[in-house]
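This one's a predicted model, so the numbers in the text were calculated from it and none came from an experiment. By convention in this document, chain letters (A, B, ...) are assigned in the order of the sequence lines, proteins followed by strands, and residues within each chain are numbered from 1. The figures here come from the full heavy-atom set of this structure, side chains too, leaving out hydrogens, waters and symmetry mates.
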Amino acid sequence: METLSTPLVSLPIQANPGAPTVKNDNRNRLVLSLIDRCISLKQLKQVHAYMLRTGLFFDAYSASKLFTAGTLSPFLSLEYARKVFDEILEPNLYTWNTLIRAYSWSPEPSESVKIFLRMLCESPYFPNKFTFPFLIKAATKLSRLGVGQVFHGLVVKSSFGDDVFILNSLIHFYASCGDLDFAYRVFVRIDEKDVVSWNSMISGYVQGGCFDKALELFREMEAENVKSNAVTMVGVLSACTKMKDLEFGRWICSYIEQNGIKMDLTLSNAMLDMYVKCGSVEDAKKLFDKMEEKDIVSWTTMIDGYAKLGEYDVAKSFLDAVPRQETATWNALISAYDQNGKPQEALAIFHQLQLSKNAKPDELTFVSTLSSCAQLGAMDVGEWIHANIKKQRMNLNCHLTTSLIDMYSKCGNLEKALDVFHSVERRDVFVWSSMIAGLAMHGRGRAAIDLFFRMHEAKVKPNAVTFTNVLCACSHSGLVEEGRMFFNQMEPVYGVVPGVKHYACMVDILGRAGLLEEAVEFIEKIPITPSASVWGALLGACKIHENVELAEQACSRLLELEPENDGALVLLSNIYAKTGKWDNVSELRKRMRVSGLQKERGWSSMEVNGTLHKFLAADNSHPLSKEIYSKLDEIVAKLKSSGHVTNKSLLLQLVDEEDMKEQALNLHSEKLAIAFGLISTGPSQPIRIVKNLRVCGDCHTVAKLISKLYDKEILLRDRLNIAIDVASTIEYLHHHSQPPMVHGDLKPSKVLLDHDMIPHVGDFGLAKFMSDHLLGTAPGTQSSSIGIKGIVGYVA
DNA sequence: GTAGGGTTAG
């Protein structure tokens, strides 16, 4: 007889399809058992061919067996299974259900719904109790509330409203669509709740952020003597993790032991994660060492734990020890570096990953790496990644789109950011928001507002991030009326409750416009306790408008909330300096020295052909140092002969000798970087520089002059990241109290200020971030800063 | 005669 090694045959079908004369004999049973033993698609196809030749395929049961194997096997090919299905002349309900199920698992769950509709039209069958869980799963994956509701209605009409399997799927469906109330309504109406009903509701609450409710439900479950299982524990542990409640987490671990709940790999991993996220890497390590079975999640959790703690060497040793390196393990380290303000290290690991044979970068790698590129202004690497995404024909999903827009915007290339934005079909709220931020960053406040309305027309609902970006756009373009309008509309019209960031933005808008009294009145009316960032915004405005008295008040309120906020002290000292109160300046500086507050050292970085060059002030460590300094001399001479006078008042420090002041200014890291840029870039290449702190007024002016004198585009971004076109005098005035030097035909060199206006996700407190963002520092000084997290745009 | 629900990281 034929065996699996029999070559594939051509398919002249001999059997009469209409008459299933296949006997249930031994030979056929053997063939059917071969289906289960197939270990490759090729073997399955051989059985298929044999069945066609003998006519066995036209037996409904046998055909469905083959088809099911095609959809279930690890080597499953949905395309092949679909072909098999299409060959089955009269598929039975089981076969239809199997196809619906196959698609509900696939990346195209909408096919499930289409197949279901086809079944209703083409077949004599109605859905049974098995059909609905598959359909509801598809609706869940599609996140389409309406679709699931239709199925729910059908369930009730088809009298399956008591089936606990179906109702449990519905709980899961409603919860994952965010409708926890409805999920709970389904839950309470189940007469005979089983453990899965409870688990579905508990994990629904956890995923919806209602951790208290999840734990309450767990207690209720206990009170009703429903025995929990490992899945229950995963849900409850996950709630502890999110609440960072180590004590309760430990209690759950002992509960698991006492109640003899069987540990499985997922539960162990959930425990590991709880320990790591609640701050006890030691406990996690103990558990990790005891675990008999570990998978990639276990390893990744440990790497992530150590990396987030800043113990990078330990994290790396775990990475090296992973039995099978996968992309996720690399991603853990890359994203930890990225999010802890170590973008260079993130890129270094990325390069190692590229050299590694075991794994290749995936979407998540690119998202983190693009964020690091954005932080560093490393546009060459960013562009390389963009090209790679295209080359790999990787699906440009919303996460990647957002990251690309963010990267190009922050690297100063608004056009490319817009290209990406226009090239995609799918734009979620984060894609729109990042583009709004990009426009705002480049001083295009009106365009940012227009985009907001286009987003509204596209029926994408704005969220808190969108409003922060729109308000920032108003603030940076001096659009006071528009800012007021958006702020007043956000809750009543768009249902977004103003948060601390929005209040701070509003104070910033009013303050920058000189409406200091109104800003103070606004602060008094804020229904929540004003955060440090709100006072920071007021303080910033006081600096612009030289209101020393109010500045002192704002500063003391800020320091009550954040005694460690060195930025506030630096800003206040700048205000004193600007108004000539040198005694107060030295007193403040002394206070900072005593309390150990130190300024972060300023640096500027510049990327040339994918290599990053970093400069400190008066740096001479660069291999081309000699050439750089001679270029700098040349620049200084050219500037002088063109009539530029160094604005020494910008050096807000007590330096006595006039020429020392001038020299100190000329050695600023951004000037070194520009000099280096002039000798290392081709004639048409722009110079793109990123500064970690603020760019001083002199460097700002000089950058523009050099741009003209050398006919070179210069993009200079600092930690406050807004691009200002030379032409936009008004916007300039909002940032600097003295008017810019206006040159008739100056090339549009841009100065980017206001880094990271987009709210960040992650462990850095938002308030802290916002106060950093809004405080900034005065031109000429370099304030210390707190770690900046680069990516953005979407909530984890 | 075959089948269905809930879980961990990034």
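If you check every strand for non-hydrogen atoms under 4.0 Å, A/T68 touches nothing. Counting non-hydrogen atoms under 4.0 angstrom, A/N128 reaches a base of the nucleic acid. Across all strands shown, A/D295 has no heavy atoms under 4.0 Å from either base or sugar-phosphate atoms. Across all strands, A/K277 comes closer than 4.0 Å only to sugar-phosphate atoms, never to a base (heavy-atom distances). At a threshold of 4.0 angstrom between heavy atoms, the contacts of A/A332 with the nucleic acid are absent. Residue-level contact check: A/T301 touches the backbone only, with heavy atoms under 4.0 Å from sugar-phosphate atoms and none from bases. Using a 4.0 Å heavy-atom criterion, one finds that A/D304 contacts the sugar-phosphate atoms exclusively. The residue A/E363 sits apart from the nucleic acid: no heavy atom pair falls under 4.0 Å. Residue A/F130 is in base contact, counting any heavy-atom pair closer than 4.0 Å across all strands shown. Contacts of A/I202 with the nucleic acid, taken as non-hydrogen atoms under 4.0 Å apart, are absent.
The only member of A/Y94, A/F85, A/F57 that meets ring-ring contact (aromatic ring centres under 6.0 Å, His included) when paired with A/F67 is A/F85.
Minimum atom distance to the side chain of A/V297 is reached by B/dA9, of the listed B/dG4, B/dA9, B/dG1. Considering only side-chain atoms of A/L32, the nucleotide from B/dG1, B/dA9, B/dT7 that sits closest is B/dG1. Comparing B/dT2, B/dT7, B/dG4 against the side chain of A/Y61 picks out B/dT2 as the nearest.
One interatomic measurement links the two molecules: CD1 of A/I88 to P of B/dT2, which rounds to 17 Å at whole-angstrom precision. Between the CG atom of A/D264 and the P atom of B/dT7 there is a distance of 13 Å, given to the nearest Å. As a whole-Å value, the separation of A/M263 CE from B/dT7 C1' is 13 Å. In this structure, A/D273 atom CG and B/dA9 atom C1' are separated by 6 Å, rounded to whole Å. In this structure, A/L99 atom CG and B/dA3 atom P are separated by 17 Å, rounded to whole Å. Taking atom CZ of residue A/F350 and atom P of nucleotide B/dG10, one finds them 20 Å apart after rounding to whole Å. Atom CG in A/N92 sits roughly 11 Å away from atom P in B/dT2 (whole-Å rounding). Separating the CD1 atom of A/I35 from the P atom of B/dG1 is a distance of 18 Å, rounded to the nearest angstrom.
For DNA chain B, the neighbouring residues in residues 222-241 of chain A, judged by any heavy atom under 4.0 Å, are A/N229, A/V231, A/V234.
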What side-chain donor-acceptor pairs closer than 3.5 Å can you find for residues 156-163 of chain A, not counting sequence neighbours?
residue	atom	partner	partner atom	Å
A/S158	OG	A/L154	O	2.3
A/D163	OD1	A/F165	N	2.9
A/D163	OD1	A/I166	N	3.1

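At B/dG10, none of the side-chain N or O atoms of A/H399 fall inside 4.0 Å of OP1 or OP2 (strictly under the cut-off). Put simply, A/K137 has no side-chain N or O that comes within less than 4.0 Å of OP1 or OP2 on B/dA3.
A/T301 places none of its side-chain heavy atoms less than 4.5 Å from the side chain of A/F288. Between A/E224 and A/W198 there is a side-chain heavy-atom pair separated by less than 4.5 Å.
Going from atom CD of A/E345 over to atom CD1 of A/I334 covers 12.5 Å, rounded to the nearest 0.5 Å.
Between the side chain of A/S112 and the backbone N or O of A/I100, at least one donor-acceptor pair lies under 3.5 Å. Judged by distance alone, the side chain of A/D295 and the main-chain N or O of A/S298 form a donor-acceptor pair under 3.5 Å.
Taking only distance into account, the side chain of A/D163 meets the base of B/dG4 through a donor-acceptor pair shorter than 3.5 Å.
Ring-plane geometry between A/Y255 and A/W251 is classed as tilted, the angle between the planes lying from 30 to 60 degrees on a 0 to 90 degree scale.
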Test log, rule ring pair (Phe, Tyr, Trp, His ring centres under 6.0 Å), inputs A/Y205 and A/F187
CA-CA 12 Å; A/Y205 274 140; A/F187 173 76; 8.4 Å; no
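Remark: ring of A/F165 overlaps the six-membered base ring of B/dG4 in a stacked fashion, centroids less than 5.5 Å apart, planes less than 30° apart. The ring of A/Y94 lies on top of the base of B/dT2, close enough and flat enough: under 5.5 Å between centres, under 30° between planes.
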